[in-house]
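Report on one structure; see the data block that follows.
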Amino acid sequence: MARTILVVEDEPTLRETLVEALEGEGYRAIGAGDGRDALVRFRADRPDMILLDLMLPELSGIEVCRIIRAESGVPIVMLTARSSEVDKVVGLELGADDYVTKPFSIRELSARIRAIFRRGEQVSAAPPALVDLGPVQVDLAGHRVLRDGEAVPLKPKAFELLAFLVRNAGQVFTRDQLLERVWGYNYAGETRTVDVHVHWLRAAIEPDPARPQLIHTVRGVGYVFRRPG
Ligand code: CA
């Protein structure tokens, strides 16, 4: 499906030119002529990107950017006639992803657009760093578990075990496999070590540790992590 780009620009000639050029590149392009219309179109059409002129009637581009950013992470490219650093800084601080200074070439603009879409694909293709388990979130990159934004105290091995199980959700492991994979091939411990760590993990992350909903015991086999819901 073609990606939708909302072009917010009050100068009709430029708006039409941009809409046509973007459609020529295979996008679905929608025009809006002022700040209020921009918000209406944004909410109705859910565009994949917004090209946003800074100087607009009704609501300024800065205002529009602020409002949209509060509602969505959609990429926003500011179109600014002024090349002052202040505008760029303000725009970027408000969450614009990029800006182009007028006059710009269609070629330059579409290169920026492609780069932003590419960046978005890479981000969404990467494994999520924060796994939401309902009551707690597992911050795989930060090696911690969060409850209400606060880190839950966990021993490093307990976290490693949790991270391993979360990364392999749905897969059942024996205690020996977990010892091998989490503690290492040369670990001389007993399988009871796994049980103890699972016990700690359940106390830390399960709403009711006596009735686990995340780390399940598979009788006669071992353990499996299942995502909630
Ligand atoms: Ca303008």
Side-chain angles (χ1 to χ4, degrees), residues 1-132 137 139-142 146 148-149:
M1 245 189 38
R3 282 169 153 144
T4 302
I5 300 179
L6 174 60
V7 180
V8 187
E9 168 61 63
D10 60 320
E11 203 214 300
T13 316
L14 179 53
R15 185 174 66 243
E16 290 311 312
T17 307
L18 287 173
V19 165
E20 275 172 32
L22 292 170
E23 283 179 339
E25 303 217 352
Y27 300 108
R28 176 173 169 253
I30 302 164
D34 64 55
R36 270 184 215 293
D37 194 28
L39 292 179
V40 170
R41 298 263 55 98
F42 159 69
R43 289 173 183 143
D45 294 283
R46 292 284 146 193
D48 301 295
M49 184 181 294
I50 299 173
L51 307 183
L52 182 59
D53 183 25
L54 201 61
M55 303 292 282
L56 288 171
E58 299 295 324
L59 277 175
S60 76
I62 296 284
E63 278 303 303
V64 172
C65 184
R66 199 201 315 272
I67 293 167
I68 289 177
R69 214 13 112 242
E71 296 179 22
S72 155
V74 63
I76 298 174
V77 178
M78 293 286 219
L79 312 177
T80 166
R82 299 178 292 184
S83 61
S84 103
E85 284 300 315
V86 176
D87 292 338
K88 291 172 188 169
V89 170
V90 168
L92 295 176
E93 272 180 359
L94 283 173
D97 296 81
D98 204 351
Y99 54 84
V100 286
T101 306
K102 296 175 190 173
F104 52 81
S105 70
I106 296 291
R107 217 172 130 197
E108 179 194 356
L109 179 65
S110 65
R112 299 281 187 100
I113 291 172
R114 278 197 304 275
I116 290 173
F117 278 142
R118 252 199 322 269
R119 226 149 59 203
E121 278 161 14
Q122 281 161 2
V123 169
S124 50
L130 203 64
V131 181
D132 192 0
Q137 289 78 43
D139 178 2
L140 291 172
L146 302 168
D148 302 324

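Each ligand, and each atom within it, is numbered from 1 in the order the structure gives.
- Relative to the ring axis of Phe42, Arg46 places its NZ or CZ within 45° and under 6.0 Å from the centre.
- In plain terms, the two heavy atoms of Leu18 and Leu79 that are nearest each other are CD1-CD1, 4.0 Å.
- Of the candidates Asp48, Ile5, Asp45, Asp45 is the only one forming a side-chain contact (heavy atoms from CB on, under 4.5 Å) with Arg28.
- Of the possible donor and acceptor atoms, one in the side chain of Ser110 sits under 3.5 Å from a partner among the backbone N and O of Arg107.
- Residue Met78 is tested with Asp97, Thr101, Ile62, Val8 for a side-chain contact (heavy atoms from CB on, under 4.5 Å); the sole match is Ile62.
- For the Ca ion (ligand 1), the count of nearby protein N/O/S atoms, taking only those under 3.0 Å, is 3.
- The line from SG of Cys65 to CG of Leu59 is 12.0 Å long, rounded to the nearest 0.5 Å.
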